There are 2 protein chains.
Amino acid sequence: MIDKLEMFIALAREEHFGRAALAQGVTQPTLSAAIKQLEDQLGVMLVWRGSRYQGLTPEGQRALVWARQIVGDARTLRQEMRVAREGLSGDLRLAVIPTALTVVSEITAIFGESHPNVRFSVQSKTSAEILSMLDNLEIDAGLTYLNNEPLGRVTTVPLYAERYVLVAKAGHPLLSGPVKWGDLGDVPLCLLTPDMQNRRIITQHLVEAGVETTPQVEASSIVVLVSHVVRSNLATILPVRAAEIFLKGDDLGAVPLIKPDASHVVGLVAPHREPFTPVLAALLDRARALSELA
Amino acid sequence: MIDKLEMFIALAREEHFGRAALAQGVTQPTLSAAIKQLEDQLGVMLVWRGSRYQGLTPEGQRALVWARQIVGDARTLRQEMRVAREGLSGDLRLAVIPTALTVVSEITAIFGESHPNVRFSVQSKTSAEILSMLDNLEIDAGLTYLNNEPLGRVTTVPLYAERYVLVAKAGHPLLSGPVKWGDLGDVPLCLLTPDMQNRRIITQHLVEAGVETTPQVEASSIVVLVSHVVRSNLATILPVRAAEIFLKGDDLGAVPLIKPDASHVVGLVAPHREPFTPVLAALLDRARALSELA
DNA sequence: GGGGTTTGATAGGCGTGTCCTATCGAAAGC
DNA sequence: GCTTTCGATAGGACACGCCTATCAAACCCC
């Protein structure tokens, strides 16, 4: 039963029988049969049938909610028993927005002190992808914005409030003092791609300041942004914590962006599951200890 | 997997391999094997082994919590799919404290108006039994005291506050006006057995009023209490709502018990499961509509 | 519009898992 | 010390799950 629910979740995620089967490590006929049996057992049609995958029926959507819950709990049970057997160990899968990537090392550091046997796996994703991966049990926790766009049913631990700086090559005329958002009208910029919430936040502040900017370069990674700042005459806008790591040398400079002093809360998000798994409880605990916010 | 978890729950409930197997409709060797496989899969010992059942290991207790959650969710999924197929129907299993039995008809009445295809199954239990049965998935909801003794992780809907009357045969000298708890020192009483929370509440009020009473008759049913009041010279103490149904004729009388005007909240309790099953959601909704309290 | 591709369903065979009955060994009870 | 109770074990029947191979329908592209 649980295996079939896992296959059902995979199907809903992949929207394709073959890919879902591959993801589950079974063949396509096996997955097809499993879905059919699930439908028989539940007495309802879960998937619109045709020669292609055509989405879930309303019952299927409803069943998906429970399937995720059940499968998630089952995994948690197994994980918790493993913890009981061999202590806190295993992998903790994180997905993180690009602008918070530098914060991960703070978390892994403080966590590693008390739980050295836990390995981390970190990937850079958009905030929307993080929420989707949490739903689909593909990650254990995420690091993203907490209070700009709706999150769904998750547990959150606020960590810090993002504040923004303008980053440019040393000697850039704007670096002499704080810069207003409204002053950026004619400044050539490179920014994150619009699928990133950070970019949407920045765009919003620029628009509110009456500026309409089309960035010269868009990228999904801050490394690309900073490289461009170093090698060309573009400037970029980054959260302080993301920028710091690049400001060690003398070739770059940064000044605060003011009017307004924008501030957006970033923190940990984890599936809301009662009770918490031991690793997750430990992670949230360490994150709370690390938090700059109430 | 889910089947094994069900067997595990049954074993924890019955504390006996043979009985648990019987309850699950399998033979004892099958259940023994299932538990062993569960232990293998989880990699931990769940049950203390010996020639007899000797209780759960700490890991077993922890696993039991998740097992209940998973099995409960799986049942909910099946139920919800059945509802999607044939509308709100099926059985709703209630357990109710004796003094709230008369309230059940109010709930079934208002519920039946909107959902005529749902059958009810009602049994009279102590408050402790109700909580245990909720945990063990033996009932769907309960009707019991909400704020005297700890409930655990449940959803509650307060319905009304119990107030107490002294019930005695018509003409009994105490029936002329309100009676103080402290006046009951020499009155021969029949009361519920001490495993009932109502009895513990009454005893507590009597003790606080400085009275120590040993009831002449103890019973676990209010019908027995009232019968004794009718046929002998005993009096009893009942919540107003439990007493009303017996006061239609002229042979019994009731007067309020005062100093203090004791008041204990009674309401629905249901397992805390997100999201709610449709039947349960409907039941809680109707109960809220019925509630006398905020 | 026809050949090729993609997609999901179906058929048949094989291995594993699950459940049963029968029986055993150990401990508890009289 | 004998019987009863309780849970584990052994062996066999059956079902289930998964695989490979194949099919039918829809889509795609020239």
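Nothing here was measured: the structure is a model prediction, and the numbers come from that model.
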Please report the distance, rounded to the nearest Å, between [atom1] in [X] and [atom2] in [N].
X     : N      : atom1 : atom2 : value
B:F17 : C:dA27 : CZ    : P     : 16 Å
B:I35 : C:dT18 : CD1   : C1'   : 15 Å
A:F8  : C:dG8  : CZ    : P     : 15 Å
A:D3  : C:dT18 : CG    : P     : 10 Å
A:E15 : C:dT7  : CD    : C1'   : 15 Å
B:L31 : C:dC20 : CG    : C1'   : 14 Å
B:K36 : C:dT18 : NZ    : C1'   : 16 Å
A:L22 : C:dT6  : CG    : P     : 15 Å

**Asked** Of the options B:I70, B:V71, B:L64, B:V65, which is the one that meets B:R68 in a side-chain contact (heavy atoms from CB on, under 4.5 Å)?
**Response** B:L64
**Item:** Criterion side-chain contact (heavy atoms from CB on, under 4.5 Å) against A:L268, the qualifying member of A:T155, A:L283, A:L146
**Value:**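 Going through A:T155, A:L283, A:L146 one by one, the side-chain contact (heavy atoms from CB on, under 4.5 Å) with A:L268 is satisfied by A:L283 alone.
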**Asked** Is atom CE of A:M45 surrounded by more than 12 heavy atoms (other residues, nucleotides or ligands) closer than 6.0 Å?
**Response** no
**Message:** Please enumerate all residues that pass side-chain hydrogen bond (donor to acceptor under 3.5 Å, both in side chains) together with B:T144, with sequence neighbours excluded.
**Reply:** none
**Item:** Set of side-chain hydrogen bond (donor to acceptor under 3.5 Å, both in side chains) partners for A:S227, sequence neighbours left out
**Value:**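 Not a single residue meets the side-chain hydrogen bond (donor to acceptor under 3.5 Å, both in side chains) criterion with A:S227.
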**Prompt:** Where each residue is assigned the nucleotide of DNA chain D containing its nearest heavy atom, which of B:Q28 and A:T30 is assigned the position nearer the 5′ end?
**Reply:**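 The residue whose closest nucleotide sits nearer the 5' end is B:Q28.
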**Complete:** Bounded by its outermost nucleotides with an atom under 4.0 Å from a heavy atom of chain A, the footprint on DNA chain D reads D:dG17 to D:dC27
**Request:** Decide yes or no on side chain to side chain contact (heavy atoms under 4.5 Å, CB included) for A:L77 and B:L5, but give the supporting numbers first.
**Result:** CA-CA 11 Å; A:L77 168 60; B:L5 291 177; 4.0 Å; yes
**Item:** Among C:dC19, C:dC20, C:dT10, the one nearest B:M7 by side-chain distance
**Value:** C:dC19
**Item:** Minimum-distance nucleotide to A:P29 side chain [options: C:dC19, C:dA11, C:dT18]
**Value:** C:dA11
**Request:** Given side chain to side chain contact (heavy atoms under 4.5 Å, CB included), test B:E6 with B:R75 step by step and report yes or no.
**Result:** CA-CA 11 Å; B:E6 291 218 40; B:R75 288 192 193 173; 3.0 Å; yes
**Item:** B:T27 vs C:dC19: side-chain N/O to OP1/OP2 distance below 4.0 Å
**Value:** no
